[in-house]
Amino acid sequence: MRTITLSNGDTVEVDCLSCALTSGKVEPEGGVIAETEHFHAHQDVAYPIRGLVIVASKRHIKGLDELTEQEQQDYITFITKIRKAQREVLGIENVYYFYNEDTTHHFHLWMVPRYDWMYEFGRSVESVRPVLLHARKNKNEWDHIKVLEGIRLLTQVLNE
Ligand SMILES: [Zn+2]
């Protein structure tokens, strides 16, 4: 078991945060953006980046090569649909995708929208972490409102 601090300051004891989120044991702030048979999408509001989406598998797996054929189809269709929604309802021009297999959680993809302010950190993979930390450190109430609004808009269009 690990103790995890949620964005609202509450702590939970879980074996795997991704399992806790996808099973509904932990409700992400802002709610579930969308779900399929095999995947679950939400935002971690601790990183106040409007339109950021985390897609996690419902099965506790680590590697891309563990996905069944059905899951592979579901995955690409789902993230394509989310990407389209980010562009259409939030005007997001570019997204950085980040996924590592040696995670303490399980299989999940970060879809990080790229905004102009982020380019001061560069365009490489190394820029992703400073961008996330900068967003978290400089989080304010206005960002929080914009983030929750982004979640609501994505949720709406993805569940039509
Ligand atoms: Zn898990």
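With respect to H60, the side chain to side chain donor-acceptor pair (under 3.5 Å) criterion is satisfied by exactly one of E66, H105, H106: H106.
The distance from atom CD of E29 to atom CG of L148, rounded to the nearest 0.5 Å, is 5.5 Å. The distance from atom CG of D143 to atom CZ of R136, rounded to the nearest 0.5 Å, is 14.5 Å. Remark: L64 CG to Y99 OH distance equals 5.0 Å, nearest 0.5 Å. Between H108 atom NE2 and T103 atom OG1 the span is 4.5 Å, to the nearest 0.5 Å. We find the CD1-NZ distance between I82 and K84 to be 13.0 Å, quoted to the nearest 0.5 Å. The CG atom of L21 lies 8.5 Å from the CD1 atom of I54; values are rounded to the nearest 0.5 Å.
Listed here is the closest heavy atom pair of I49 and V147: N-CG2, 3.6 Å. Of all heavy-atom pairs spanning T22 and S57, the tightest one is CG2-O, 3.4 Å. Minimum interatomic distance between Y97 and R83 (heavy atoms only, all atoms of both residues): OH-CD, 3.1 Å. Scanning both residues, R50 and L153, for their nearest heavy atoms gives NH2-CD1, 4.0 Å. Here the closest non-hydrogen pair linking R2 and D15 is NE-O, 4.3 Å. G30 and I151 make their closest contact through O-CG2, 3.3 Å (heavy atoms, listed as atom of the first residue, atom of the second, distance).
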Which is it for V89 and L154 under the side-chain contact (heavy atoms from CB on, under 4.5 Å) test, yes or no, and what are the steps along the way? CA-CA 7 Å; V89 299; L154 288 176; 3.9 Å; yes
Output, in order, the C-alpha distance, side-chain angles, deciding distance and verdict of side-chain contact (heavy atoms from CB on, under 4.5 Å) for W117 and V131. CA-CA 9 Å; W117 66 265; V131 158; 3.9 Å; yes
With side-chain contact (heavy atoms from CB on, under 4.5 Å) as the test, would you mind laying out the steps for L52 and L132 before giving the verdict? CA-CA 10 Å; L52 182 152; L132 291 172; 4.0 Å; yes
Would you sort out whether F121 and V128 count as a side-chain contact (heavy atoms from CB on, under 4.5 Å), showing the intermediate values? CA-CA 8 Å; F121 296 94; V128 176; over 6 Å; no
Could you walk me through whether H38 and Q73 pass side chain to side chain donor-acceptor pair (under 3.5 Å), step by step? CA-CA 10 Å; H38 305 289; Q73 294 303 323; over 6 Å; no
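Taking the charged nitrogens against the carboxylate oxygens, K58 and E37 have no contact shorter than 4.0 Å, which rules out a salt bridge.
Taking the side chain as every heavy atom from C-beta outward, Y115 and I92 approach each other to under 4.5 Å. Contact check for Y96 versus R123: side-chain heavy atoms found under the 4.5 Å cut-off. Between L158 and T155 the shortest side-chain heavy-atom distance does not fall below 4.5 Å.
Clustering ILVMFWY residues whenever any of their side-chain heavy atoms sit less than 4.5 angstrom apart, transitively, puts V53 in the very cluster that holds I76. Hydrophobic clustering of Ile, Leu, Val, Met, Phe, Trp and Tyr side chains at less than 4.5 Å, counting indirect connections, unites M118 with M111. Hydrophobic clustering, with ILVMFWY side chains joined whenever heavy atoms are under 4.5 angstrom apart, keeps V32 apart from V157. Hydrophobic clustering places I61 together with V55 (ILVMFWY residues linked when any side-chain heavy atoms are closer than 4.5 Å, directly or through intermediates).
Put simply, the side chain of D102 never gets that close to the backbone of K62: no donor and acceptor are under 3.5 Å apart. Judged by distance alone, the side chain of Q86 and the main-chain N or O of G51 form a donor-acceptor pair under 3.5 Å. A distance-only check finds no donor-acceptor pair linking the side chain of E101 to the backbone of G63 [under 3.5 Å].
Geometrically, R114 engages Y119 in a cation-pi contact, judged by NZ or CZ lying under 6.0 Å from the ring centre and within 45° of the ring axis.
The number of heavy-atom neighbours closer than 6.0 Å to CD of E69, taken from other residues, nucleotides and ligands shown, is 12 or below. A 6.0 Å sphere centred on CG of D116 holds no more than 12 heavy atoms belonging to other residues, nucleotides or ligands.
The aromatic rings of Y47 and W110 sit perpendicular, their planes meeting at an angle over 60°, well past the 30° parallel limit. By the 30° and 60° cut-offs, the orientation of the rings of H40 relative to H42 is tilted.
Of the N and O atoms on the side chains of Q70 and T68, not one donor lies less than 3.5 Å from an acceptor on the other residue.
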